[in-house]
Amino acid sequence: MTPPAQPQGVTVEVRDLRKSFRAVEVLKGISFQVSRGERFVIMGPSGSGKSVLLKTIIGLLRPDAGEILIESQSIQNRAVRNQYRMAMVFQSGALLNSMTVGENVGLYLAEHGLKAPAEIDVIVARVLESVGLKGLENRAPSELSGGMQKRVAIARALVVEPQLVLFDEPTSELDPLMAVTVGEEILRLNERTGATSILVTHDRELAFATAHRIAMINEGRILFIGTAQEVQRSTDPIVQRFIRAELATPKTQ
Amino acid sequence: MFHNIGEILILFWQVLLALPQLWRLRHKVYDQLAYIGLASLSMVCILSLFIGGVLALQTGPVLVEHGISSVLGGMIGLSMCKELAPVMIAILVAGRIGSAMSAELGSMQVYEEIDALRTMNIDPVRFLVLPRMVAIAVSLPVLVLFSIPVGWFGGAMVCDFNQKIAVSFDSFFQNLREVVEVGDVLNGLLKSFVFALAIGIISCHQGLITRGGPRGIARSVTKAVVNSIVLILILDYFLTRFLLYVQK
Ligand SMILES: Nc1ncnc2c1ncn2[C@@H]1O[C@H](COP(=O)(O)OP(=O)(O)O)[C@@H](O)[C@H]1O
Ligand SMILES: [Mg+2]
């Protein structure tokens, strides 16, 4: 499977990324490259540093060492970072609870004054419909189920028209049907817009169904990068153990 | 609080820098104003009525004994507007509003809502802290402005109805009018403005640095309220010194 060559996505390169909290080294030198429009899945046990990795890429955490490059330019430089549209769908959804669903989805456009209010309403309605939440604009996020909140979070990311989207465990805590719906949504977003997608998940089905390539991460290091078939055929004992363990244990964060 | 003083000052500076963008956030300010005002107004009135009352109750009989009960109006009038109204209402607001601010921002921090804002290039200081600071800085002096006359009224009622004091309503307010000047009321309002900034910045800062789940939020709320009250009382001393010096 080769990634579709689409104009909108960006290349991402992570070079020897390190990040510690106090004395604990969480990322111990992570390197990988993601091409334009690729769906790159990161799998690994809880606490292996996946969320920290995503937060470092999006710029919420500052790396101790190493570099992140977008289109071959380091995004340590704010000006470079601001040239590209990026979005992150948080593990928790992270919707603003004091605002309605519609306000959450339209927030980026409204706050940056990118569109007139009436236009924003139209866009919000359209995007919500595209994630199967038509007409829920005026609900409070707390009134929605976990799966619906995740889809609102995806809608909020869609509105940014991102060139790079990061998903942190988009299907955890969802029932299998909802997980499939959200998985399809992620696939459609990627295919329609060509946005480069980096996806952290425990969900093997989601990983094998969506990934162009899969990276296995353990204790802050990458063990293996390859296609779904290559991962399944890998003879690396830790990778094999992880995949079997994944089958045996329930999904957690 | 004290080891964070640098961070708190930086946050305050960032709020000042964001001030020019206030107009775009006016609706958020209105929301906060309505919330603070409506939540506190009835409480302020009850509190002030009783503060004025107890002040009269404690001092009245002593002054009567010395035959100078005629100064009651001026005394209660001054203590209410220069000291008790600003300090007590600030403590009330620290408990009601400061706690709510730190809890709200704390839960937004813990549940990654603030991270989400950052990924959308929305500055949390401008979006969350600024409207709260402006709202509290406007509403606390307004609440004090309500508190002062209600406190006077409470004092006057007690002086009039209490048999041991028996200073009539009219003579109470006559003396009050002779003694209390507009400057004394402004003095109290200025104090309450400074207290409002202190409560707002401490509570917002504490909210933003919250870590560690629901328990972290609870810890932040406690810290925000306690630190606000301590700072109010410390600031009160120095503000009083300063205002005495200026008014000379
Ligand atoms: N802000 C932080 N401060 C201190 N430690 C953190 C912080 N964020 C994550 N960690 C630690 O980093 C490790 C990896 O966390 P995380 O990336 O969330 O794991 P996961 O792979 O499950 O997403 C954990 O041990 C966690 O305790
Ligand atoms: Mg995680």
Side-chain angles (χ1 to χ4, degrees), chain A residues 21-22 51-52 54-62 75 78-79 81-99 103-114 117 141-142 149-150 152-162 164-169 253, chain B residues 7 14 18 20-36 38-39 97 99-132 135 203-204 207-214 216-217:
Chain A
F21 293 105
R22 307 252 160 85
S51 297
V52 170
L54 289 193
K55 284 182 187 170
T56 312
I57 294 175
I58 197 89
L60 290 171
L61 296 171
R62 189 185 293 274
I75 54 174
R78 272 261 148 212
R81 179 185 293 280
N82 291 339
Q83 285 173 13
Y84 301 103
R85 292 186 307 276
M86 302 179 221
M88 175 154 169
V89 178
F90 285 82
Q91 195 166 344
S92 58
L95 300 177
L96 298 165
N97 269 302
S98 57
M99 304 177 123
E103 284 167 342
N104 263 283
V105 175
L107 185 62
Y108 179 82
L109 299 177
E111 270 306 301
H112 294 288
L114 298 174
S142 56
Q149 290 190 18
K150 285 239 162 103
V152 174
I154 293 175
R156 187 171 68 177
L158 281 174
V159 163
V160 178
E161 299 185 350
L164 170 64
V165 208
L166 311 179
F167 296 93
D168 197 351
E169 302 196 20
Q253 52 202 337
Chain B
E7 280 178 31
Q14 288 171 333
Q21 302 176 57
L22 187 62
W23 181 245
R24 277 179 54 208
L25 290 162
R26 61 191 181 280
H27 298 292
K28 287 187 150 307
V29 177
Y30 300 154
D31 289 347
Q32 291 288 326
L33 274 176
Y35 174 67
I36 298 176
L38 295 178
I97 308 303
S99 60
M101 284 183 179
S102 56
E104 266 179 306
L105 296 194
S107 79
M108 294 186 78
Q109 174 66 46
V110 166
Y111 297 111
E112 299 182 319
E113 292 178 31
I114 289 179
D115 282 346
L117 285 177
R118 289 213 172 91
T119 65
M120 289 187 271
N121 276 329
I122 297 172
D123 177 14
V125 172
R126 180 181 62 79
F127 192 72
L128 300 171
V129 180
L130 177 64
R132 285 174 171 76
S203 305
C204 290
L208 291 178
I209 63 167
T210 302
R211 293 286 176 279
I217 300 172

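Numbers restart at 1 for each chain; the letters A, B, ... are given by sequence-line order, proteins then strands. All values below come from the heavy atoms of this structure, side chains included, with hydrogens, waters and symmetry mates left out.
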**Complete:** Okay, A:Leu95 and chain B: the region with an atom under 4.5 Å from a heavy atom over there is backbone
**Request:** Give, for atom CG of A:Asp168 and atom CG of A:Leu54, the distance between the pair rounded to the nearest 0.5 Å.
**Result:** 5.0 Å
**Asked** Does the side chain of B:Glu112 come under 3.5 Å of the side chain of A:Ser92 through a donor N or O and an acceptor N or O?
**Response** yes
**Prompt:** In terms of heavy-atom proximity below 4.5 Å to chain A, should B:Asp31 be classed as side chain, backbone, both, or neither?
**Reply:** neither
**Asked** Is it the backbone or the side chain of B:Met120 that comes under 4.5 Å from a heavy atom of chain A, or both, or neither?
**Response** both
**Request:** Against chain A, label B:Ile114 side chain, backbone, both or neither, depending on which of its atoms sit under 4.5 Å from a heavy atom there.
**Result:** neither
**Request:** Mark yes or no for whether B:Arg26, through its side chain, and B:Trp23, through its backbone, hold a donor-acceptor pair below 3.5 Å.
**Result:** yes
**Asked** Could you give the distance from CG (B:Leu208) to OG (B:Ser203), rounded to the nearest 0.5 Å?
**Response** 11.0 Å
**Asked** Which answer fits A:Arg156, side chain, backbone, both or neither, if we ask what part of it has an atom under 4.5 Å from a heavy atom of chain B?
**Response** side chain
**Request:** Report the option among A:Leu96, A:Leu107, A:Ile58 that has the most heavy-atom pairs separated by less than 4.5 Å from atoms of chain B.
**Result:** A:Leu96
**Request:** Examine whether an atom of A:Asn97 lies under 4.5 Å from a heavy atom of chain B, and if so say whether it belongs to the side chain, the backbone or both; otherwise answer neither.
**Result:** both
**Request:** Answer with yes or no whether the side chains of A:Gln91 and A:Ser51 bring together a donor and an acceptor at under 3.5 Å.
**Result:** yes
**Message:** Rounded at 0.5 Å granularity, tell me how far OG in B:Ser107 sits from CD in B:Glu113.
**Reply:** 6.0 Å
